[in-house]
Undergrad: 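There's a structure below that I have some questions on.
Below, read A as the first sequence line, B as the second, and so on, with proteins coming before strands; counting in each chain starts at 1.
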Amino acid sequence: MIPLWMYLLVAALLFCIGIYGVLARRNAVAILMSVELMLNAVNINLVAFWRYLAPQDMSGQAFAAFVFVIAAAEAAVGLAILLFVYRTKRSVIVEDVNLLRW
Amino acid sequence: MIELNAQTIAFAILSVLVLGGGLGVVTTRNLVHGALWLVLSLLGVAGYFVLLSAPFLAAVQVLVYIGAIAILIVFAVMLTRSMTSLGEVRNRQWWLSAITVILLFLLLAVGIILPVWGRGAPGEVTSLSATVGGAVELGEALVAGDGFVLPFEVASILLTAAMIGAIVVARDEEDEGA
Amino acid sequence: MTSCVDFINTLSPCLVRAGWNADLANLLSLLLGVVIVATVPLLTVILLIWIERKFAARIQDRIGPNRVGPYGLLQSLADALKMLTKEDITPSGADRILFNLAPIITFATVVLIWAIVPFTPLHIGADLSIGILYFVAVGSIGAVKVMIGGWSSNNKYALLGAFRTIALIVSYEVPMILALLVPVLMAGSMGMQDLTRAQGGMWFIVMSPLAAIIFFVANLAETGRSPFDLLEAESELIAGYNIEYSGFKFGMFMAGEFMHVFTVAVLTAVLFLGGWWGPFVDQVPALGFIWLGLKTAVVYLFMLLIRNTVPRFRIDQVMNINWKFMVPLSIVLILLQSFLLRLIDALGLRPAPELANDLLANLPQTLVLLAGNLVLGAIFMHLLQRHGRTLREADEALAVVKGEAAPAGGMAEA
């Protein structure tokens with residue numbers, strides 16, 4: 001049997017990779033992809049906890065399903081905003097989008 | 001320790017997929033490659049779901065993430081002509097981010113491993129229960145009055161709003177006359 | 001036939017008794033099963049290409065392949081050999097790894113679907129509890145392979161073709177999944193064997209013809225066959241996303257496409273035409289294979305007939321008919337179907353469990369569902385007709401203004 005902590009460790013590593021991508025990448029599409037990685041890391045945790053600690057209670061799976069919904073909505077709206085930004089700024093580098101910067 | 005069987009081997013391969021794909025996403029210069037690394041990573045996560053006896057979530061993962069989100073990202077990459085992002089891949093504070101992230105990971109790892117350090121530590125799950133809720137139970141939980149019916153409805157409204165919002169935001173107003 | 005699966009099931013205990021490692025024996029028997037399931041479509045595709053070419057030839061008043069082997073049966077083999085000997089070109093500037101990956105994914109996704117096809121009551125690759133969802137998930141990888149193939153070729157026509165193909169695949173996935181929910185509603189399960197078993201009394205095509213039609217048309221579009229072959233419209237795009245492929249790689253794309261069509265025919269037969277159900281299947285389960293084959297052949301020949309007789313749609317027409325007709329129809333259909341199923345339960349028309357496979361006991365609920373479907377279909381056809389008339393009149397008015405003769409047709413102009 002695979003111990004629970006191994007799933008958690010992989011999820012933590014994936015989450016950290018995602019954070020690094022969000023913080024260090026300049027391209028907005030890459031940042032969105034990194035956010036997806038973070039959401040997936042959370043999903044691994046949710047499903048792993050569900051399986052090991054409460055396999056009859058469906059909360060873990062239900063939460064994972066809601067994360068899917070959030071991810072889909074986030075990707076659709078995020079990419080739409082990106083397209084709009086690209087149309088006005090001709091760039092998807094986040095540092096160029098500084099109109100609201102204080 | 002951990003015995004070597006089909007499950008452990010599968011877990012090892014999937015971990016390589018998940019983490020390798022993740023690293024590919026954050027390091028590659030070519031964003032189409034990045035999206036495909038993302039697909040690889042997400043496939044690995046779907047494999048985890050199968051290992052964790054949640055086949056329904058695995059199928060939904062493939063359907064939603066690979067069939068929809070990854071494709072959407074590839075489309076966005078091509079439409080914004082940012083296939084190979086010009087200039088630097090990373091911004092100026094990337095080393096700062098790297099250090100922060102490594103520290104964060106160490107913190108998380110300590111938090112994960114410390115509770116189960118040593119054999120038979122309290123809180124460690126030693127055997128999995130054989131009865132697992134499946135797609136039917138999930139469906140019932142999602143629409144049960146004492147379950148998730150309210151979040152479920154909110155989620156559907158969120159999806160509708162996101163769909164309309166995405167269309168409105170992404171629509172090219174200059175092309176409207178045509 | 002039954003001995004075959006018994007052979008696989010008994011193989012691993014036999015080997016263990018002979019002193020093998022249990023894991024290894026299990027792996028070997030599983031591997032054998034996988035090879036058998038994967039080989040069936042691979043072998044049939046060679047025959048299918050011959051059938052398709054003969055069929056098209058007859059429709060076009062030709063004879064078709066008739067030189068290699070009796071009745072030209074070996075023509076496909078000869079073509080395959082020719083493909084193997086052709087030069088394998090990778091365009092300069094192409095993404096080499098992805099370029100070579102795309103044909104493999106194409107082939108793999110189609111073969112993977114065969115894991116859940118129930119051949120007989122006893123034979124199925126893997127009777128997953130989420131069988132249908134697995135089919136949809138594997139099918140959605142199809143969009144990825146198109147994207148990889150079109151982008152990695154480094155060719156603008158290939159990329160445009162890929163964009164079109166993906167727009168089509170993603171759009172038609174919506175009504176297809178919604179139509180698939182109708183059999184799931186009626187069987188109360190997503191497993192392929194459960195879905196087939198639920199059709200013992202009455203086929204789902206009778207209980208919900210609209211779902212069957214939507215599923216069939218959506219799948220026609222997914223396979224990219226005529227009338228939805230605007231993906232490879234020679235006059236506009238040259239050949240679609242696989243334009244740069246040659247030799248064996250192109251062969252894999254082509255074989256994958258042929259197999260996809262056949263797979264769709266099998267799934268239609270399983271989901272709506274009762275799968276392996278047929279006379280005497282209770283006594284001899286292996287007969288199910290033949291019944292399924294016959295039903296698949298009917299669906300497949302119908303698809304060939306459509307391919308060879310219906311002209312190509314324009315891309316705007318294809319998108320209009322999907323989003324403005326098929327998606328609303330399938331959503332209303334699901335609402336109607338679940339309402340009718342509740343109504344049937346309330347009226348006590350559902351047959352008792354022990355009579356579930358009896359034709360007469362199933363008749364009342366079938367009639368209710370069929371009537372609901374027909375009424376819904378009639379309403380939507382009426383709406384479609386009215387919409388078409390409005391468009392036609394607008395066209396004619398425009399033509400009068402311009403002083404021209406009215407143009408012909410034009411089903412949906414947005």
Undergrad: Against chain A, work out which of A109(B), A98(B), A141(B) has the most heavy-atom pairs shorter than 4.5 Å and name it.
TA: A98(B)
Undergrad: Might you point out which heavy atoms bring I2(A) and Q7(B) nearest each other, and give the distance in Å?
TA: CD1-O, 3.7 Å
Undergrad: Which atoms of A70(B) are under 4.5 Å from chain A, going by heavy atoms: the side chain, the backbone, both sets, or neither?
TA: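 Neither part; nothing is under 4.5 Å.
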Undergrad: Show, in sequence, the C-alpha distance, side-chain angles and deciding distance for L52(B) and Y52(A), and conclude whether the side-chain contact (heavy atoms from CB on, under 4.5 Å) test is met.
TA: CA-CA 9 Å; L52(B) 290 164; Y52(A) 281 77; 3.7 Å; yes
Undergrad: So for F66(A), is it side chain, backbone, both, or neither that comes closer than 4.5 Å to the heavy atoms of chain B?
TA: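 For F66(A), the contact with chain B is made by the side chain alone.
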Undergrad: In Å and rounded to the nearest 0.5 Å, what is the CZ to CD1 distance from F105(B) to I19(A)?
TA: 12.0 Å
Undergrad: Taking ring-ring contact (aromatic ring centres under 6.0 Å, His included) as the test, write out the residues that go with F75(B), two or more places apart.
TA: F163(C)
Undergrad: Which bit of E140(B) comes within less than 4.5 Å of chain A, counting heavy atoms only: side chain, backbone, both or neither?
TA: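 Neither part.
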Undergrad: So which of G147(B), P151(B), S156(B), G165(B) has the biggest tally of heavy-atom pairs under 4.5 Å with chain A?
TA: P151(B)
Undergrad: Which heavy atom of L142(B) sits nearest to which heavy atom of A62(A), and what is that distance?
TA: CD2-CB, 4.0 Å
Undergrad: Could you go through L13(A) and S15(B), starting from their C-alpha distance and side-chain angles, then the distance that decides it, and tell me whether this counts as side-chain contact (heavy atoms from CB on, under 4.5 Å)?
TA: CA-CA 10 Å; L13(A) 201 49; S15(B) 303; over 6 Å; no
Undergrad: So for A166(B), is it side chain, backbone, both, or neither that comes closer than 4.5 Å to the heavy atoms of chain A?
TA: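 Its backbone and side chain both get close to chain A.
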Undergrad: Considering all heavy atoms of both residues, which atom of V25(B) and which atom of R25(A) are nearest to each other, and what is their separation?
TA: O-NH1, 3.2 Å
Undergrad: Examine whether an atom of L108(B) lies under 4.5 Å from a heavy atom of chain A, and if so say whether it belongs to the side chain, the backbone or both; otherwise answer neither.
TA: side chain
Undergrad: Based on non-hydrogen pairs under 4.5 Å, which of L8(A), L79(A), N40(A) is most in contact with chain B?
TA: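 When all of L8(A), L79(A), N40(A) are compared, N40(A) has the most.
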Undergrad: Looking at T28(B), L72(B), V64(B), which one has more heavy-atom pairs under 4.5 Å with chain A than the rest?
TA: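 Of T28(B), L72(B), V64(B), L72(B) has the most heavy-atom pairs under 4.5 Å with chain A.
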Undergrad: Which answer fits L57(B), side chain, backbone, both or neither, if we ask what part of it has an atom under 4.5 Å from a heavy atom of chain A?
TA: both
Undergrad: Where on L23(B) is there a heavy atom nearer than 4.5 Å to chain A: the side chain, the backbone, both, or neither?
TA: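 Looking at L23(B), backbone and side chain both touch chain A.
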Undergrad: Which heavy atom of V101(B) sits nearest a heavy atom of C16(A), and at what distance?
TA: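 So the two residues come closest at CG1-O, 3.3 Å.
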Undergrad: Among V77(A), V47(A), L32(A), single out the residue with the greatest number of heavy-atom pairs under 4.5 Å to chain B.
TA: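 That would be V47(A).
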Undergrad: So what's closer than 4.5 Å to chain B heavy atoms on N43(A): side chain, backbone, both or neither?
TA: both
Undergrad: Taking only residues two or more places apart in sequence or in another chain, which ones pass ring-ring contact (aromatic ring centres under 6.0 Å, His included) with Y65(B)?
TA: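 Expected list: F68(A).
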Undergrad: Determine the option with the most heavy-atom pairs under 4.5 angstrom with chain B, choosing from A64(A), G78(A), A71(A).
TA: A71(A)
Undergrad: Between I81(A), I70(A), L37(A), L83(A), which has the largest tally of heavy atom pairs under 4.5 Å with chain B?
TA: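 Looking at each option in turn, the highest pair count goes to L37(A).
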Undergrad: With a 4.5 angstrom heavy-atom cut-off, which part of T100(B) approaches chain A: side chain, backbone, both or neither?
TA: neither
Undergrad: Mark yes or no for whether R51(A), through its side chain, and F49(B), through its backbone, hold a donor-acceptor pair below 3.5 Å.
TA: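 No, R51(A) side chain to F49(B) backbone: no donor-acceptor pair under 3.5 Å.
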Undergrad: What option among V169(B), V154(B), T27(B), I167(B) has the most heavy-atom pairs under 4.5 Å with chain A?
TA: V169(B)
Undergrad: Yes or no on side-chain contact (heavy atoms from CB on, under 4.5 Å) for M33(A) and L31(B), after CA distance, side-chain angles and deciding distance?
TA: CA-CA 10 Å; M33(A) 287 197 277; L31(B) 279 179; 3.7 Å; yes
Undergrad: Restricting to non-hydrogen atoms, name the atom on V26(B) and the atom on I17(A) that form the minimum distance, rounded to 0.1 Å.
TA: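 That would be CG1-O, 3.5 Å.
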Undergrad: Contact part of E95(A) toward chain B, heavy-atom cut-off under 4.5 Å: side chain, backbone, both or neither?
TA: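 It is the side chain, since no backbone atom gets that close.
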Undergrad: Give the minimum heavy-atom separation between R87(A) and A170(B), together with the two atoms involved.
TA: NH2-O, 2.6 Å
Undergrad: Output, in order, the C-alpha distance, side-chain angles, deciding distance and verdict of side-chain contact (heavy atoms from CB on, under 4.5 Å) for L4(A) and I112(B).
TA: CA-CA 9 Å; L4(A) 176 59; I112(B) 289 163; over 6 Å; no
Undergrad: Side chain, backbone, both or neither: which part of F63(A) has an atom under 4.5 Å from a heavy atom of chain B?
TA: side chain
Undergrad: Taking every heavy-atom pair that is under 4.5 Å apart, which of V45(B), L51(B), L96(B), I102(B) has the most such pairs with chain A?
TA: V45(B)
Undergrad: Identify which part of S53(B) has an atom lying under 4.5 Å from any heavy atom of chain A, answering side chain, backbone, both or neither.
TA: both
Undergrad: Please classify the contact between A155(B) and chain A as side chain, backbone, both or neither, with a heavy-atom cut-off of under 4.5 Å.
TA: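 Contact with chain A involves both backbone and side-chain atoms of A155(B).
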